[in-house]
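Following: one structure in structure tokens, then a few remarks.
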Amino acid sequence: MITIENRIATVAKGLGLNYYFGDWNRINEAGDTGRCKFPLVAYLLPPSGVVNFDGPGVRETENGVLAFIDLTEFDFQADENNVIVQAMKETMINFIKGVNLSGDFKPIGGDLRYEVLYDRLDFAVTGVTVSVGLKEAVGKCV
């Protein structure tokens with residue numbers, strides 16, 4: 001079965017982005033051991049979702065968090081760090097465009113609130129996270 005996570009990974013890889021699926025602890029461990037490369041698109045384990053039985057097939061929505069992360073200096077200057085944050089916002093925008101163009105999901109539109117992250121891991125990182133409901137466009141047969 002092709003999952004929402006599989007589809008997100010395909011979009012990330014299609015855009016030439018480094019990708020990781022897991023929680024903050026696993027991302028931290030993967031970064032520490034060099035198993036993931038930065039900049040990075042991470043799909044955090046979705047905390048909840050919805051299964052819709054209306055219409056043809058069953059469609060799922062995952063309420064997930066996408067993180068767009070890059071390395072920074074531990075004792076950074078605000079203007080230097082802002083350059084990385086802006087780059088990660090651009091990556092996020094391009095990624096959402098890729099998700100919308102994939103046809104696998106209902107288009108994401110309107111206002112999309114992001115949060116800036118700093119030093120979330122054991123090493124110095126910065127970037128942005130977005131919480132998004134990823135709704136499958138086409139249902140699965142049951």
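What you see below is based on every heavy atom in this structure, not just the backbone, and it leaves out hydrogens, waters and symmetry mates.
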Linking Ile, Leu, Val, Met, Phe, Trp and Tyr by side-chain heavy atoms under 4.5 Å, what else ends up with [X]?
X	result
I2	none
L44	Y20, W24, I27, F38, L40, V65, I69, L71, L117, L121, F123, V125
L101	none
V50	none

Subject >> Set of residues satisfying ring pair (Phe, Tyr, Trp, His ring centres under 6.0 Å) with respect to F95, sequence neighbours excluded >> reply: F68
Original post:
Mind checking what makes ring pair (Phe, Tyr, Trp, His ring centres under 6.0 Å) contact with Y43, not counting sequence neighbours?
Top reply: F21
**OP:** May I ask you to check whether over 12 heavy atoms, not counting those of K106, lie within 6.0 Å of atom NZ?
**Re:** no
**OP:** Please identify each residue that fulfils side chain to side chain donor-acceptor pair (under 3.5 Å) with T72, with sequence neighbours left out.
**Re:** N81
Original post:
Considering residues at least two apart in sequence or located in another chain, which fulfil the side chain to side chain donor-acceptor pair (under 3.5 Å) criterion with E60?
Top reply: none
Subject >> Closest approach of N63 to G133 (non-hydrogen atoms, all atoms of both residues) >> reply: OD1-CA, 3.9 Å
**OP:** Might you point out which heavy atoms bring G103 and A137 nearest each other, and give the distance in Å?
**Re:** O-CB, 3.6 Å
Could you list the residues that satisfy salt bridge (Lys or Arg N to Asp or Glu O under 4.0 Å) with [X], not counting sequence neighbours?
X	result
R59	none
E115	R113
E62	none

Original post:
Going by the side-chain hydrogen bond (donor to acceptor under 3.5 Å, both in side chains) test, which pairs reach into residues 2-13, not counting sequence neighbours?
Top reply: T3-N6, E5-Y19, R7-E136
**OP:** Measure the spacing between NZ of K97 and CG of N100 and express it to the nearest 0.5 Å.
**Re:** 10.0 Å
Subject >> Between OG1 on residue T91 and CG on residue D70, distance to nearest 0.5 Å >> reply: 8.0 Å
